[in-house]
Amino acid sequence: MKYILPLLSLFAINIAVAQEFEKCYTHRAMLHQEELTPGYLQSVNETFDRAKQLSTGERGVVYTIPVVVHIVYNTPEQNLHDSVVFNQIDRLNEDFRRLNVDTLNTRTEFSTIVGDAEIEFVLATEDPDGNPTNGITRTSTTQTSFTGVGGFPAEGVKMTSEGGIDPWNTQDYLNIWVCEMSVWGFTSLLGYATPPNNLPHWPAGASDNLIDGVVIQYNAFGGNNPNTLDVGNGPIDVQGRTCVHEVGHYLGLRHIWGDGDCNEEDGIDDTPNAMDQSNQDCNHVINDCVDNIGTLGDLPNMVENYMDYSEETCQNSFTVGQVDMMRSILENYRYELINGTPAGIANEEAFNLNVFPNPSNDFVTVTGIPEGKGTLEIMSETGQLVKMIENPPSTIEINGLVKGIYFLRVNSEQGVVSRKLVIL
Ligand code: ZN
Ligand code: CA
């Protein structure tokens, strides 16, 4: 994790190399979350790997995600007009459906690996209480900027108690907060998002620190934003793609350069790799890592990709591999957004599994296993399978196992649920 930079060097980067700025806090937020809740990164990585394994690559069903946009404002300029929100939603829909006109600018070498995500976004029409809504909340705040709670840049915007506004049910809605988040005194970060973890339950404590959703700097939101965004190099051409990028993170995608050098990658097979932060311009010549992408071999840096840091006017594509990942996340982890049922992964709410007594030393009783087919597995702390029973009875003998910490997991058609089991 070479990417951790102390605060001072972050300033130095912004001053010394005026063209480079860190637009997105997602990766940093993940590193900080790991400090607060050890095991968080592993959990995120497991979710990613599992979603990749479970990806079917199927298309044909368009998923629709209900969105609530929380406008939290201290000045009239920050209180963005509804039309800016509508424009942003249109941008999400065009880009995720590959209906954006600038797909014409996708270079031919990428033409076989870019795709339509078949994911759409709609402002919520019903609030969590069942009342009609336009999917936009407006909150006047005394906070001149959200500079951070618990070491996260703008987490306070997600909390009514901090001058922001609490989320709507994060399982049923994509919450997008829009505010002034000029962190540490300069406007550099334009947004951050929470990656899908082992939803709906994150590791113990994680949800105390990091609330699920997306935060966008107010003048980087929407393609028709009347405010100027300038981080020191003159006005940036804002097209609403900060939000596209952050929703990409929210649906499981990583930065295309893998948040590291050529040795780090994003885990997606068809995205070309690149150096740290890739390019922040629209360089169509640079090729700074050697890739091996199927029959395409080595490709140049893909500045067209929404998950790069390239200029918004240069971005126009997700790859097929990225689409596979986002759809698998929706099918298996964020399935409640699309009114789905989990397609077969760890889902703590699939059924209510009870294991007792726990700790134990000779047998445990297991209740809540769904009717019909199911498999019970007991794994060691290091993940080694030590016992497997098809169609398990309710009483399981464990007296042959050495004492220690285990995980008891039940796989059923309704999902997979696991419990920690201590053997004395
Ligand atoms: Zn990012
Ligand atoms: Ca390359």
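In listed order, ligands and their atoms are each counted from 1. Atom set for the values below is all heavy atoms of this structure, side chains included, hydrogens, waters and symmetry mates excluded.
In the model, Gln88 has no side-chain atom that pairs as donor or acceptor with a side-chain atom of Arg91 under 3.5 Å.
Closest heavy-atom contact between Leu376 and Ile369: CD1-CD1, 4.4 Å. For the residue pair Cys282 and Val303, the shortest heavy atom distance occurs at C-CG2, 4.3 Å.
Between His249 and His245, the ring planes are perpendicular. Angles over 60° get that label, and only those under 30° would be called parallel. The aromatic rings of Trp168 and His70 sit perpendicular to each other, their planes meeting at more than 60°, with 30° as the lower class boundary.
In this structure, Arg50 forms no cation-pi arrangement with Tyr333, as its terminal cationic atom is not both closer than 6.0 Å to the ring centre and no more than 45° off the ring axis.
Taking backbone and side-chain atoms together, Asp288 has no N/O/S atom less than 3.0 Å away from the Ca ion (ligand 2). The Ca ion (ligand 2) has an N, O or S atom of Leu299 inside 3.0 Å of it. Asn273 lies apart from the Ca ion (ligand 2) in this respect, since none of its N, O or S atoms is found at a distance under 3.0 Å.
By the criterion of a separation under 2.8 Å, the protein N/O/S atoms near the Zn ion (ligand 1) amount to Cys24 SG, His245 NE2, His249 NE2, His255 NE2.
When each of Thr194, Asp212, Ile165 is paired with Lys158, the side chain to side chain contact (heavy atoms under 4.5 Å, CB included) condition holds for Thr194 and for no other.
The atom of Asp298 that is an N, O or S and sits closest to the Ca ion (ligand 2) is OD1. The name of the N, O or S atom in Asp291 nearest to the Ca ion (ligand 2) is OD2.
A salt bridge does not link Asp116 to Arg59: none of the charged side-chain nitrogens sits closer than 4.0 Å to a carboxylate oxygen.
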